[in-house]
Amino acid sequence: MRLWHQSLISRLPRQQLLGQHREIAALRGNGWGRPHATVNYVFQYSPCKLYQFHVLVMKEMQRRGYHPDLAWLEPTYRGKKCPAYQTVKPVPLTTPIYPEHNAEYLAICLHNLAGKGIFLD
């Protein structure tokens, strides 16, 4: 499980983009707070940050003609098998959304993609 570097979202191949949506949906749902070394940093922030990142991914999906379930556009939604949050306290949208998405993380993501035969630079 991985969140791709924010700057790569618009350049990800179909499989990685749609996989990103599935992984974020899992994290927003019952996966919230479950340890996973690659994404543990998201749990240090409000679930609103993950929602903001998910919106970025869904906008790219829509731009490409995909139709993600619009229920995910509700910040409190956590999927069909997980109770919604009562409220999600809004947090300012930052760039990047996660400060961990720095130059070093970008290099790691590009290396990971290259290992899959995907070269974006």
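Keep in mind it's a predicted model, so treat the numbers as computed, not measured.
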Inset, instruction - Please work out which of the three classes, parallel, tilted or perpendicular, describes the rings of Y105 and H101, given edges at 30° and 60°. - result: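 Geometry flag for Y105 against H101: parallel rings.
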
Distance (rounded to the nearest 0.5 Å) between [X] [atom1] and [Y] [atom2]:
X	Y	atom1	atom2	value
R28	Y85	CZ	OH	8.5 Å
L56	Q20	CG	CD	9.5 Å
I118	R11	CD1	CZ	12.0 Å
T38	R2	OG1	CZ	5.5 Å

ILVMFWY network linking [X] to [Y], side-chain heavy atoms under 4.5 angstrom:
X	Y	result
I108	L3	no
V55	V91	no
L110	F119	no

Non-hydrogen atoms of [X] and [Y] that approach each other most closely:
X	Y	result
I97	Q6	N-OE1, 2.7 Å
P96	P99	CG-CA, 4.3 Å
C48	K89	CB-O, 3.6 Å
E74	T76	OE2-OG1, 2.9 Å
W72	A25	CZ2-CB, 3.5 Å

Does the side chain of [X] reach to within under 4.5 Å of the side chain of [Y], using non-hydrogen atoms?
X	Y	result
K116	Q16	yes
W4	L113	yes
N40	E100	no
L27	F43	yes
L50	Y98	yes
M61	L18	yes
H21	Y66	no

Legend entry - Ring centroid separation H54 to Y77 under 6.0 Å: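 Between H54 and Y77, the centre distance exceeds or equals 6.0 Å.
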
Legend entry - Polar side-chain atom of K49 near backbone of V42 as donor-acceptor pair, under 3.5 Å: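 Not a single qualifying donor-acceptor pair exists.
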
Legend entry - Exam field: side chain Q62 to backbone P68, donor-acceptor pair closer than 3.5 Å: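 No: the side chain of Q62 does not pair with the backbone of P68.
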
Inset, instruction - Might you confirm whether atom CZ of R34 has over 12 heavy atoms from other residues, nucleotides or ligands at distances under 6.0 Å? - result: no

Inset, instruction - Answer yes or no: does atom CD of Q44 have more than 12 heavy-atom neighbours from other residues, nucleotides or ligands under 6.0 Å? - result: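 Yes.
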
